[in-house]
Each structure stands twice: as C-alpha cells, then as structure tokens.
Amino acid sequence: MAIDLPLLESLLLLFVSMNAVVALAQDNGSFVCNGFQRANLRLGGTAVIHPTGLLQLTNTSKQIIGRAFYPIPLEFNKSSSAEYSRSLSFSTTFVFAMVRGATNVSGHGIAFAFSPSLEFSGAVASQYLGLFNLPTNNGNSSNNQVFAIELDTILSPEFSDIDDNHVGIDVNSPRSIKAAPAAYYWSEEGKNKSLVLVSGDPIQVWIEYDGVKQQLNVTLAPLANPKPDLPLLSTSIDLSSVFVDSMYVGFSSSTGAVASSHYILGWSFSRNGQAQRLELSRLPSLPILRESKAKQRLLKIGLPLMTVAALLIATMGGIYIIRRKKYAEVREDWEQEYGPHRFSYKDLYRATKGFRDKELLGVGGSGRVYRGVLPAASNTQIAVKRITHDSKQGMKGFVAEIASMGRLRHRNLVQLLGYCRRKGELILVYDYMSNGSLDKFLFTNERPNLSWFQRYKIIRDVASGLLYLHEEWEQVVLHRDVKAGNVLLDEDMNGRLGDFGLARLYDHGANPQTTHVVGTLGYLAPELTRTGKATTITDVFAFGALMLEVACGRRPVEMRALPEEMILVDWVTESWKKGAILETRDPRLGDDYVVEEMELVLKLGLLCSHPLPTCRPTMRQILQYLDGVATLPNVSPFDVCSTAVVASASEQRFGHYVVSYPTILIGKTPVQTLSRIDSILIDGR
Ligand SMILES: *[C@@H]1O[C@H](CO)[C@@H](O)[C@H](O)[C@H]1NC(C)=O
Ligand SMILES: *[C@@H]1O[C@H](CO)[C@@H](O)[C@H](O)[C@H]1NC(C)=O
Ligand SMILES: *[C@@H]1O[C@H](CO)[C@@H](O)[C@H](O)[C@H]1NC(C)=O
Ligand SMILES: *[C@@H]1O[C@H](CO)[C@@H](O)[C@H](O)[C@H]1NC(C)=O
Ligand SMILES: *[C@@H]1O[C@H](CO)[C@@H](O)[C@H](O)[C@H]1NC(C)=O
Ligand SMILES: *[C@@H]1O[C@H](CO)[C@@H](O)[C@H](O)[C@H]1NC(C)=O
Ligand SMILES: *[C@@H]1O[C@H](CO)[C@@H](O)[C@H](O)[C@H]1NC(C)=O
C-alpha cells in the first residue's frame, strides 16, 4: 500500500498552521494573530489581507483610509462599578511597518483605536487618520467616543504635533493629550534610542491599560528587541469617560498629500492580563520592504554606476547629435541619379580639416574656397567651395547642371568633381589648382610677374576652354562669369576656367521685382544688363575684358586711376585713336613682349567689348585670331566704342553696384538711353 507521504505531511502542516494562526478566542476576550490569513477582521477602505497573512491598511495612493477592526465589540457592563473598572483593562501588542513610496515621502500614520461604531461616517484621511471628522465631532465627546494611540509621521501644527515622528495618545481628537517622539528605552545603556516610524522596518508596540489604576503605558521597540523595561508613554487616564457599553477595537490608517504603505504584521489582544506574546518568527514578511531594501542597496551601488552610465550616454548622445549636426547634409530622392557626384559632408569636413581658416584659398562673392586633401583617393588635393544658398527652388535644376558639368572634360577647365548639399549651403568640389587664380598674378604683388609668353598662353587656354563650353560639348554651356578671378593656373601655369555655370545659381530664387544681373562689373555686356539674358556673346564680352586685363595688368574699372583711364575699354580705345595703343600695356612687362601679339590682344579685346553683340566675334573666331589661323578684320578705333559704364563709388552698397548707362554710342552717335538697372551682383571685388 502506497501512502503519499509528502501530501499527508503538507495537509498536516496546513492544519496545524491554520489552528495556530486563527487562535481567536472570543469567550475570554483574548486573541492572537501571528499574521492574518484566516483572521476574522472587518476590513474597511483600502485595507487588504495578502495571501501571506500580511495586513495592508494603505498603499502609496494619496488621501486614502484603510481600517481593520475586530468584528465583535468589547462589552463593558457599567452596572457593577467594581467589575466595570477592572473590565476596562486591556493589554495588546502588535507589529507594524510603514514603507515609503517611490517618492521617498511618507504620510500620515496608523492609529490603534477603540470606537463605539464601525461606521466612521464623515471620518477623513490625512491627519484625521480615518477616525475623526471635521469639524463637528472633532474633539466632541458627546458623539465621538474614540480613543486611539497614534503613530504619526506628519507634523500637523493645528493639532500641536510635536514632530513628524511621534507617538500620541488621542481622546476624541487627533490633538494628542500626550505625545513623545518615537523612541525606546535601551536598558543596557540606560538611555532612549530614537526610532524612525517610517523606516520601513517592522516595529513592535505594546499598549497596556490598567482600569483600576487608570494607568496607560505605551511602549515601542524594533522588532526582535525584547520589550523595553520602561514605556515611552505612561499616563493616567480614565477610559470610563470615553468608552461606551460596547467598543470595537482595531486599526485605522490614512495617507494624505503624501503617502506610504502601512502594514500590520501581527496582533495580540487580551482583556484579562497580559496579551499573548507574538511569535515573531511566524509573522509574514514585508515583500515591498524587501524589494525597497534591495532597491536601496541597488541604488547605493547602482546609483553611482548609473550616474556614470547616464553621463556617458548623455555625452555620447551629445557627441552624436553634435556630429550629426556638424555633418548634416540635405539629400533628396531626385539626387539618387547624381550619386557618383555626391560627396559626404563628413569627408569634406575632414579633407579641409574642419574648414579651417588656414586652408582658406580665397573668398569670392559666391563663397569661400578651401584647400582639402581626400585621403581615401590617394591624397588627392581638392578645392572646396562653400556657397551660401537658401533657395530650394531651382536647386534641382542646378544640381542637374552641376552633375552634367561634372561630365565636362577639358584641359582648360577646372574639373568639377562633385557636390554636397547642406541646409542653406551648396558645396562644390573641384580639382585643386596649385597656382591659384590669375587675378592674384595680375593685380597684386603676391605673385611673380607673368611673362608675355605666359599671358598669351593663358588667354589662349581660356579661349580654348570657353570654346569647348560654347561649341564643342554636347550642349551649350554658358560660363556667365568670365574674369581673371575665375581663371585658375595649374602647376604648369596652364590657364583653366573655373566656376563655370555657377552664376546661374543666382538666377534661381531671385526677387522677380528686381533685375539681378549676374556677373562682374566691367565684364557685363550692355545687353546683359538690359535684358538679363546671358548668351555666348555675353561670355565673349567678358572674355574681351579679360584679354584687356591680361594685357594691361589692371581691372576693367579702376576707380583710383585718372578719370580718362578709369574705364579700361575707353582708355584703350582713346589710346588707339591717338596711335598709342601699346602704351596701355602692363608697365611691368617693360619691352618684353611681342608687339603683334600685344596689338592683337588689345584690339581683339576691344572688338569683343563691342556694345553691339553682333559685332563681337565668336569664341571659335577668337581662337583662330589668337592662333594666327585667321587675321583680325581691319577695325578702326572709331568702330569700337565705349560702353560708357559709369559706376560711382558712392553708389556702392552691400556688395551691389548701382550702375547706370546714360548713353550708348553706336559709332559716334548716341542712340539710346538705357533705363537704370536696379543692381548688379558684384563678385570678387
Ligand atoms: C483565553 O482563551 C484562550 C483559548 O480559549 C486561552 O488560550 C487563553 O489563555 C485565555 N486567556 C486568558 C487570559 O484566560
Ligand atoms: C491602492 O489601492 C487602491 C484600492 O485598493 C488602488 O485603486 C490603487 O491603485 C492602489 N494604489 C497603488 C499605488 O498601488
Ligand atoms: C451587568 O452586570 C449586572 C450586575 O452584575 C448583571 O445583572 C447584568 O446582567 C450584566 N449585564 C450584561 C450585559 O452582562
Ligand atoms: C529618504 O528620505 C530619508 C529622510 O527623509 C533619507 O534618510 C533617506 O536616505 C531617503 N532615501 C532615499 C532612497 O533617498
Ligand atoms: C457635539 O456634537 C453634538 C451632536 O452632533 C452637537 O450638538 C454639539 O454642538 C457638538 N459640540 C461641539 C463642541 O461641537
Ligand atoms: C526617555 O523618553 C521618555 C519619554 O520621552 C522620557 O520620559 C524619559 O525621561 C527618557 N529617558 C531617558 C533616559 O532619556
Ligand atoms: C507602566 O509602566 C510602569 C513603569 O514601568 C509600571 O510601573 C506600571 O506597572 C505599568 N503599568 C501598566 C498598566 O503596565
């Protein structure tokens, strides 16, 4: 025969434990609850009994009340006075715990109470502990026979509380008749030791009343400590004036604006003699307490770690955000097709060492140019041009042009390698030209003087590049801003045109009310300023100005020059008329030049600067003249005439020139007066 021994064992155990826990003996008014599993208690408000036997009166919700009372009232027979006084005596002990919530604040307290009724109508929470109401029967003995020992964790000045951690004796009112800060007498040292009610640790309370001597003792001690020899509170009180014939006994607890969880772990009560001892080892544990202790321990160890981790994460996050912002680009779907021409901002940022001033090659009207090195592409040197550009409109078309310009290949063009877009900014990447721009050679003393041979070759190089743009590629590309500043010199001093098509960027998004003519003063064909329409012939006009610059070593408009020399075209024309065209050459050349070539360049320059577009040669013709394949038609200085560009320095404002064309001379006859144009964008001045 097989007996399931473990099952039998557990059944037996269950029986024994049930018996022990529910040791409530109503007959002699005594009971003991080491935990409340099967306890016969009247629960009110938020009070619950956990399966472990733990009685929870409140949780950490605010303004709540939890009550647990013994359901059978204690009877007091007032008929026999001798017996009556003795019958008022009682002895009780219980273990409570108050556990702070996550916010580490606590409130309000627990009261061990006697009440004539379990109704508590109108009783309120917080400092009234769910026992008293306000204001009518607060302290009104005629209808409020309440006696309580309060364990109060809030200082309520209206009740003259002594502190926020006290034990008080309350009769009909939350205003204690006697109170003391929570403490216990430690006989070994002969002194009081303070206790923190809301420490979360279980605390045992003993309350004894001798009805004959009318003496009440209240004693506290941490759990597992023996009952101290001396009570915390000892007072004389006549409970016969408070108690009615039948009184309920139990606990009331409340939270207020701040809250903590209030627990009762065990309770023993006796009307006759000493209450039975609680069996501390059998009391339920505080799950939340353990958790919070573990949490506290975790916090102690974990908090510094977490702080460090949080700091680390924050720092890394910050770095990430900064990096993201630093390297942020604008990419749109339509750019997919230009993929190969697209550079990442990060690469460019690194290539230029963070766009350091030390890497700055030059500042032009259209943007700043930096030198850079692409380590990934075997240390290829690049020039990176940053252009401020806020217009979204037209960007697509422009990028399309950029991308197609990336396909332009000519030894006299600065190769465009690609681009990058950021918010409000366009970045163009070019081949690096080690000798910089032509204007530095012509107009400053930073660079060595160019020989006539070099000058003539550069003119020819630029003409060749322009011809490629105008005629030799699959579509016509206008440069729009031919000038010395945009002619770059590679290591072999070959002239290369840069920045082609860039001026077109400013066509987009411009205020349609004003006519923005793009280009550079002195290089602008009159019809361009009138119509705003760039053509190959307007490029030729600018190229003419460039030729004169190279030959004469000065800018097309020189404000500091003598009045008759201010406008280069006029000065060369006038000098030609006087038969002294060669006098206009760059004095730095001395006699070290080829007369025929110099004359050709000056005269061709004037021809290209002809106010009538149809009079100007094409780039192909220009190249033929320069190469000596064709001879310049026999033009007279009276056929080419000045464009009469007048730009007054006083009218210069914010990088814009206001120019007016009072008259245009065709031959010698003034034929028309052009309307004033609003503004011209000036680059490189
Ligand atoms: C009351 O009764 C219980 C059981 O009925 C007993 O254990 C206890 O000792 C009694 N207490 C007193 C003070 O007689
Ligand atoms: C407290 O108990 C009440 C009722 O038992 C419940 O509604 C509330 O959510 C509890 N609050 C907390 C913080 O657990
Ligand atoms: C109260 O005591 C008197 C006198 O001893 C007795 O006659 C009466 O029955 C008692 N009442 C109760 C409710 O026990
Ligand atoms: C909670 O507050 C008490 C005093 O108000 C303090 O002693 C304790 O260290 C605090 N606990 C935590 C975890 O902050
Ligand atoms: C006490 O309560 C009674 C009944 O509600 C009332 O008549 C009396 O005025 C109250 N006394 C005080 C002092 O509030
Ligand atoms: C301990 O505290 C009680 C109550 O506050 C007080 O009456 C008593 O004198 C104190 N004893 C010592 C030794 O401080
Ligand atoms: C109260 O405490 C005092 C001092 O320890 C003691 O003499 C007295 O008997 C106690 N009274 C009761 C009712 O326990």
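Note that this is a predicted model, so its numbers are computed, not measured. Whatever order the structure lists ligands and atoms in, that order sets their numbers, starting from 1.
A cation-pi arrangement, defined by a distance under 6.0 Å to the six-membered ring centre and an angle within 45 degrees of its axis, is present between Arg386 and Phe355. A cation-pi contact links Arg67 to Phe120, judged by a cut-off of 6.0 Å to the six-membered ring centre and 45° from its axis. A cation-pi geometry, defined here as NZ or CZ lying under 6.0 Å from the six-membered ring centre and within 45° of its normal, does not hold between Arg175 and Phe159.
For ligand 2, the atoms sitting less than 4.0 Å from at least one non-hydrogen atom of Asn59 are 1 (C), 2 (O), 3 (C), 8 (C), 10 (C), 11 (N), 12 (C), 14 (O), numbered in the order shown with element in parentheses. Every atom of ligand 6 with a heavy atom of Leu232 under 4.0 Å away is listed here by number and element: 4 (C).
For the residue pair Ser234/Asn217, the side-chain donor-acceptor check at 3.5 Å is satisfied. No side-chain donor-acceptor contact under 3.5 Å links Ser241 and Asp238. When only modelled atom types and interatomic distance are considered, Tyr84 and Arg86 share no side-chain donor-acceptor pair under 3.5 Å.
By the 3.5 Å distance cut-off applied to N or O atoms, Ser61 is counted among the residues near ligand 2. For ligand 2, the polar-atom distance check against Thr60 finds no nitrogen or oxygen pair separated by under 3.5 Å. Taking any N or O of Lys191, backbone or side chain, none lies under 3.5 Å from an N or O belonging to ligand 6.
Note on ring orientation: taking the six-membered ring where Trp is involved, the planes of Phe96 and Phe94 are tilted (angle from 30° to 60°).
Residue-level contacts of ligand 7 at the 4.0 Å heavy-atom threshold are Glu208, Asp210, Gln215, Asn217, Asp229, Pro231.
Note on Lys78 versus Glu83: no salt bridge recorded, every NZ/NE/NH1/NH2 to OD/OE distance being 4.0 Å or above.
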